[in-house]
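Naming convention: chains lettered A, B, ... in sequence-line order (proteins, then strands); numbering from 1 in each chain.
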Protein chains: 2
Amino acid sequence: MLDTAPQTYTRADEAFDCLQTAIVKGDLAPGDKIGELDLCSRFDLTRGPLREALGRLESRGLLVRRPHAGVRVVSLSASELVELYRIREVMEGLAARQAAERMTDQEIADLRATLDAHETMIDEAHGQAYYQAEGDYDFHHRIATGSRNTKLAQMLLGDLYYMVRMYRYRLSTSAGRPHRALGEHRRILEAIAQRDGELAEFLMKRHINAARKNIEKKIQEGVLTI
Amino acid sequence: MLDTAPQTYTRADEAFDCLQTAIVKGDLAPGDKIGELDLCSRFDLTRGPLREALGRLESRGLLVRRPHAGVRVVSLSASELVELYRIREVMEGLAARQAAERMTDQEIADLRATLDAHETMIDEAHGQAYYQAEGDYDFHHRIATGSRNTKLAQMLLGDLYYMVRMYRYRLSTSAGRPHRALGEHRRILEAIAQRDGELAEFLMKRHINAARKNIEKKIQEGVLTI
DNA sequence: CACGTCAACATTGTCGACAAACTATGCTGG
DNA sequence: CCAGCATAGTTTGTCGACAATGTTGACGTG
């Protein structure tokens with residue numbers, strides 16, 4: 001009965017997942033014109049389920065489609081990428097506030113354990129990219145679900161995060177950022193643990209604001225070519 | 001080349017629009033189990049395009065689908081409806097702020113004209129429901145597009161507004177609310193005209209907050225049965 | 001030599017039929 | 001009389017073929 005446990009996995013779902021991960025991982029680069037037949041042979045699918053999956057992806061904004069002219073992977077401009085972070089700022093701020101009000105003590109404990117794991121991970125990898133790619137995502141993922149706001153979690157997990165991850169793979173992590181980000185995560189967690197929703201919202205907004213500025217800087221430096 | 005001018009209208013698009021309006025208008029009530037064959041005969045479509053449209057609607061959260069078991073119109077609980085307004089609050093606050101920074105003078109003039117039209121409309125209809133259903137939507141619509149934030153506008157116009165409108169049709173408008181809402185709209189407009197993004201955001205958030213409280217009151221009164 | 005036009009091609013959109021899965025009804029047994 | 005199971009029926013998921021449209025290349029003309 002839970003939406004996280006789909007008993008039967010349909011072909012269209014399979015196609016959807018395959019394409020989504022392929023786009024996020026960069027196997028299908030932004031701007032690529034992808035033919036339906038190519039995709040069918042690549043993922044061993046038929047065109048029916050594939051087209052259904054394409055429709056879903058298009059609706060989520062990961063693909064753009066022009067009738068009779070094929071489908072392309074969405075290509076965000078630099079400004080559009082920045083705008084994405086502005087949306088994240090307000091939405092995740094809300095998520096943090098509601099999470100502070102609604103997360104169970106158990107969930108908070110788990111989140112703390114997760115951050116501990118991230119810390120050792122960063123130390124071992126000497127601040128390598130892994131944290132930015134997965135650990136950060138994990139933290140924000142838990143906050144979103146912890147908000148107990150179904151639609152909010154759906155929009156964050158289903159739409160925004162995929163788009164962000166899609167470009168994050170190409171962002172070379174700056175040297176000290178993982179450590180600093182972890183510190184910010186810890187402070188957000190403590191605000192949540194103290195059930196201080198207002199503070200949690202403030203800290204989360206500032207956290208994402210910092211990430212946005214980091215990206216803007218890289219764009220100006222020309223490190224990030226879009 | 002503009003996305004607002006689709007040269008060719010495909011059958012799937014047609015199906016998508018039909019279903020969306022049918023859901024929003026209430027022809028397909030929340031919780032209804034709808035069979036694919038019924039829909040095909042009702043809208044004179046074939047199952048291929050229909051399924052594609054269903055996939056899109058599902059991805060947007062207007063439908064829920066269980067494999068091999070059919071598709072139902074989403075049925076929001078009272079709390080979920082309220083949560084929707086919390087999301088609107090932060091997202092439209094952002095939209096108002098960015099609109100204040102980016103709308104052209106012409107767009108602002110048009111918006112002002114729109115509000116004038118709404119005023120005469122309300123006076124003529126003695127504060128009838130029409131304003132709540134269409135006029136309010138129009139105002140928020142213009143703010144969203146005026147933000148020049150593609151993804152933000154897409155999420156508001158493509159996702160949230162449809163869900164809100166779907167339940168708004170069942171909300172009997174309270175007597176004095178249209179007039180008060182119009183006043184709030186005017187103040188938001190003036191903040192935008194003065195390019196005061198911060199104020200515009202604050203006023204918009206308060207405006208939607210008021211709408212949320214209005215709904216919460218009605219739910220408590222038992223007027224709104226969900 | 002450049003531009004516009006036309007035609008063949010490839011790709012997408014659409015359709016109808018087959019196979020798999022869930023639901024419901026009726027039956028049997030306790 | 002109620003519970004559980006089996007079977008029939010309906011609905012959904014999937015597939016392959018046909019039709020419509022955009023694209024690309026070549027050709028002729030100004």
Inset, instruction - To the nearest Å, give me how far apart CD1 (B:I34) and P (D:dT12) are. - result: 9 Å
Legend entry - Whole-Å distance separating the CG atom of B:L54 from the P atom of D:dG13: 9 Å
Inset, instruction - Using only side-chain N and O atoms of B:R11, determine if any of them is under 4.0 Å from OP1 or OP2 of C:dC15. - result: yes
Inset, instruction - Give the C-alpha distance, both sets of side-chain angles, the deciding distance and a yes or no for salt bridge (charged side-chain N to carboxylate O under 4.0 Å, His left out) between A:R65 and B:D13. - result: CA-CA 12 Å; A:R65 184 188 243 173; B:D13 293 332; over 6 Å; no
Legend entry - Distance below 4.0 Å between B:T10 side-chain N/O and C:dT12 OP1 or OP2: no
Inset, instruction - Would you indicate what A:G70 reaches in the nucleic acid, counting non-hydrogen atoms under 4.0 angstrom: base, sugar-phosphate, or nothing? - result: sugar-phosphate
Inset, instruction - Return the 5'-most residue of the pair B:D38, A:K33 with respect to DNA chain D, ranking by each residue's nearest nucleotide. - result: B:D38
Inset, instruction - Spell out, as yes or no, whether a donor-acceptor pair under 3.5 Å connects the side chain of A:R11 to the backbone of A:P49. - result: no
Inset, instruction - Say whether A:Q98 and B:E83, considering side chains only, have a donor N or O and an acceptor N or O under 3.5 Å apart. - result: yes
Inset, instruction - May I ask you to say what B:G48 touches in the nucleic acid, namely base, sugar-phosphate or nothing, with a heavy-atom cut-off under 4.0 Å? - result: nothing
Legend entry - Atom pair distance, as rounded to whole Å: CG in A:D13 and P in D:dT12: 16 Å
Legend entry - Cation-aromatic face contact A:R88/A:Y85, 6.0 Å, 45 degrees: yes
Legend entry - Euclidean distance, atom CZ of residue A:R51 to atom C1' of D:dG16 [Å, nearest integer]: 15 Å
Inset, instruction - Considering just the side-chain nitrogens and oxygens of B:R47, establish if one lies under 4.0 Å of OP1 or OP2 belonging to D:dT12. - result: no
Inset, instruction - Output yes when at least one side-chain N/O atom of A:R66 is less than 4.0 Å from OP1 or OP2 of D:dT23, else no. - result: yes
Inset, instruction - Nearest whole angstrom, please: distance from the C1' of D:dT12 to the CG of B:L37. - result: 9 Å
Legend entry - Separation of C:dT12 P from A:H68 NE2 (nearest whole Å): 11 Å
Legend entry - A:T46 side chain, from C-beta outward: closest of D:dC15, C:dG13, C:dC22: D:dC15
Legend entry - Shortest side-chain distance from A:A12, nucleotide among C:dT14, D:dT14, C:dG13: D:dT14
Inset, instruction - Report yes or no: does B:Y167 contribute a side-chain atom to a donor-acceptor pair with the main-chain N or O of B:L76 at less than 3.5 Å? - result: yes
Inset, instruction - Rounded off to whole Å, could you give me the CD-to-P distance for the A:E36 and D:dG16 pair? - result: 15 Å
Legend entry - For atom CD of B:E52 and atom C1' of C:dC15, their distance in whole Å: 14 Å
